[in-house]
Amino acid sequence: MPNAHHHPDTPTTPRYITTAIDYVNAPPHLGHAYEKIATDAMARFYKRMGHPTFFLTGTDEHGIKVEKNALSKGLAPKAFVDELSQSFKQAWAHCGVAYDRFIRTTDEDHYALVAVLWNRLLAKGDIYKASYTGRYCQGCEAFLTDRDLTEDGLCITHQTAPEAVEEENYFFRLSNYKEAIIAHINANPTFIQPDFRKQEVLNMLENLEDISVSRSKQSVSWGIPVPNDETQVIYVWIDALSNYLTGIGYDGTETAQFNQFWKTPAGEPNAIHIIGKDILRFHAIYWPAMLMSAELPLPKQIFAHGFITLNEAKISKSLGNVISPFDLTAHYELANADPIRYYLLTCTQFGNDGNFTAEAFKLSVNADLANNLGNLLNRSVSMLKKYFGGAIPAVSADVLASSAILQELQAVTPLHEQVVTAYEAFNFQQVAEFVFARVDLANRTINDMEPWTLYKTEQLDLLAALMVSLLESLRLVAVWLSPMVPKLSVGIWSQLGLDAEAIANPSASFDALISGYRLVEGLMTNPQGPLLPRLDSELAGAEAKK
RNA sequence: GGCAUUGUAGCUCAGUUGGUUAGAGCAUACGGUUCAUACCCGUAGGGUCGGUGGUUCGAAUCCACCCAAUGCCA
């Protein structure tokens, strides 16, 4: 499987990771948040590994639906999308999604790039005019796309069947690139992930037709105009997919940022697109074809994740079961969204569908974060305060050397390598499994060694070694979990008396955090009570209230 | 209707190229401990591996068909 021409992946290899851009016809909900949180966790992980990393997310703002929604609210399309894209930004701030750029398809540089790209495909001879038979809705006075239709093929706003109407549009010669795409997929086994999606795409490629890439201005006016043709507007995919190039600073010339993150110094493909399984076709076929036509390198990987259901039901406006991250944090009086991040990342294997229920959420958060981890921190810092006044005591090297269990509590290897491997594979469930094994070991060790007995019998050397080992295990656990639950990690470091700013900084590497911020003798810990109140306990909300 | 994926204890998932009594965590029951957020530790019960048929000395693991769910396409 290793291709001889592939360069080794080193910590200095840049990483460009993107989410899909969300269509702004309604505010963000848990489904949108799922993808952003997962991508954020990966971006944070790459930064921790030392890779120069650029994380892009944003909003898709053109099209009929937006135009009509804006009109129905008496707003200009731009005013309408300004408001909605803002709500996405707020949601991601709330969820701790630390993107490097938030792109909007209405951004000026995006308009410019799409025109450049259009002209390049045109010059290549891949864009031509032909008649297009669209589904025209009388009520909307416009052509509808799949996403404007209900499952029964009716117009969402008017609940009527659209009629077939012909108009002259521009088409893209997708069929020209069929063989090249098949060859690329076969030559790059990890291009499409998870593995099983590859066969799906290869099957899609069997019957490939050219795609319509414009609409008449009469049917859709809210979009990027076709260069040199006043009557047509660029439609959906060329506009939307190009965001990945705009987002990394491509303007038609090889800018420094583009060369670093899209091409990489070695000229290897580099971008990683995290998308929903519903838009795999567009990313695995349309997008590579467009890039080939424009003579640009392809992305390195496309990862199609599953969907989050709510009580086993699809999240949709028509079902009336839409909940937002804000709804959840408010309902459970959470201090931050980390419990939501943790649940979404671990409730299923990334790639498969997941399900959210209030019951499962509470069980998972209480068991792992509150009981096992939070309580471990609480009981540890409490004992340190009681037995040593809260200051890190001196540890006898001899005592430490004589206890395998205490050494294991503080061990970085091999757990660090296991955690890294799991993150690399997008396997957040396994990351948690590995890390919580260390938490369990710490809790078990407390029960086995009975520090309260050591204190009463004045075995202070052993007690000191035990306490420091416990706190050290917590220090490491916080570092390993920080890509998934950044705020909780900061909380742990803060109580340990460590530099909270350091672990809060996404750019700090694993190496720097693990070896640069030690629990040195004399360091004062800072007990602050429960890290995370159990959901639905009497303590729930106490932190939010103060 | 076509293609693809999924279907393993109440729940979420592991199960390497088919091989001895199918594993883990959570949940449940019982016991222990007290530093701690009624927490932590230990023990136990619980599965004919979606169904049927087949290949094989032997299948959760391979093949066929069927059922259910999900995505794309028609």
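Just so we're on the same page: letters track the sequence lines, and every chain starts at 1.
Among the protein residues, A/F307 comes within range of the sugar-phosphate backbone only, with heavy atoms under 4.0 Å from sugar or phosphate atoms but none that close to a base.
Near RNA chain B, meaning a heavy atom under 4.0 Å away, the residues from residues 440-455 of chain A are A/N443, A/R444, A/I446, A/N447, A/W452. Residues from residues 276-289 of chain A with heavy atoms under 4.0 angstrom of RNA chain B, sorted by number: A/K277, A/D278, A/R281.
Side-chain contact annotation: A/Q193 with A/D195, donor-acceptor N/O pair under 3.5 Å present. Using modelled atom types and a 3.5 Å distance limit, the side chains of A/T59 and A/D22 yield no donor-acceptor pair.
Nucleotide B/A59 has no partner under the Watson-Crick or G-U criteria, as no pair reaches both atom distances under 3.5 Å.
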Open item on the list: I need a per-nucleotide contact map over nucleotides 3-13 of chain B, read 5' to 3'. Cutoff is protein heavy atoms under 4.0 Å; write B for the base, S for backbone only, - otherwise.
Closed with: SSS------SS
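A cation-pi arrangement is present between A/K277 and A/F307 under the rule of less than 6.0 angstrom and at most 45 degrees off the ring axis.
Between A/F426 and A/F303, the ring planes lie tilted relative to each other; the angle falls in the 30° to 60° range. Taking the six-membered ring where tryptophan is involved, the planes of A/H184 and A/F191 are perpendicular, since the angle between them exceeds 60° and thus also 30°. Ring geometry, A/W237 versus A/Y286: the interplanar angle exceeds 60°, so the pair is classed perpendicular (tilted spans 30 to 60°).
Not one N or O on the side chain of A/D126 forms a donor-acceptor pair closer than 3.5 Å with the backbone of A/L174.
Within a 6.0 Å radius of NZ in A/K385, no more than 12 heavy atoms belonging to other residues, nucleotides or ligands are found.
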